[in-house]
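Have a look at the structure below before the remarks.
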Amino acid sequence: MASLISGVDYPASWRDFMAWFPDETAWLGFLERLRWPAGFACPKCGRRGEPWRQSRGRLVCRTCRHQTTVTAGTIFEKTRTPIRVWSAAARQLSTAKNGLSAMTLAHTLGVHYRMAWAMLRRFRVAMVRAEREPLSGDVEVDETFVGGGYAGSSSFGPPL
Ligand SMILES: [Zn+2]
């Protein structure tokens, strides 16, 4: 069973972080791996395989031509939070050994508590979903991510 390894599957330090996610494209790539650990799968027809890639992160299924994005139907869809803030939050989360409170995150990033809380919630849902993706195996995450019985979909289908 595969595990997410610090420094390999997610950045272990701020320095790693800047190297991994220098721009939005890199960040979207990270989200894509998180969402489709076994490779892109069309949310409409289910076909696995490299999609066509269009501008603005649009992915097009080569079989049914369904257009999607890595954030469509996920907790990251339609966020107005700047990509840099998401990135910084992800970094905080990936290095927090004993969990990360919204208060701490808000303080660290200099954002409102409510925004920090909303981001943490989104990340937790994403991690739980990633863990449930059959081919991703066990995901080594903080209890902060996996606590509680999230009653969501077991796959990355359309929003419930
Ligand atoms: Zn398709």
Would you call Leu120 and Leu100 a side-chain contact if the rule is heavy atoms closer than 4.5 Å?
yes

Please tabulate, one pair per line, all N/O donor-acceptor pairs under 3.5 Å involving side-chain atoms of residues 111-119, not counting sequence neighbours.
none

Taking every heavy atom of Phe40 against every heavy atom of Pro43, the minimum-distance pair comes out as CZ-CD, 4.2 Å

On a heavy-atom basis, which atom in Leu59 and which in Trp36 lie closest, and how many Å separate them?
CD1-CZ3, 3.6 Å

Arg65: what forms a side chain to side chain donor-acceptor pair (under 3.5 Å) with it, not counting sequence neighbours?
none

Please name the pair of heavy atoms, one in Cys45 and one in Cys42, separated by the smallest distance, quoted to 0.1 Å.
N-SG, 3.3 Å

Please indicate whether His107 has more than 12 foreign heavy atoms, meaning atoms of other residues, nucleotides or ligands, lying under 6.0 Å from its NE2.
no

Taking the side chain as every heavy atom from C-beta outward, state whether Phe123 and Leu105 have any atom pair closer than 4.5 Å.
no

Have a look at Thr63 and tell me which of Arg48, Lys44, Arg47 forms a side-chain hydrogen bond (donor to acceptor under 3.5 Å, both in side chains) with it.
Arg47

Does the side chain of Pro51 reach to within under 4.5 Å of the side chain of Val60, using non-hydrogen atoms?
no

State which residues pass salt bridge (Lys or Arg N to Asp or Glu O under 4.0 Å) with Arg53; sequence neighbours excluded, sorted by chain then number.
Glu32, Glu50

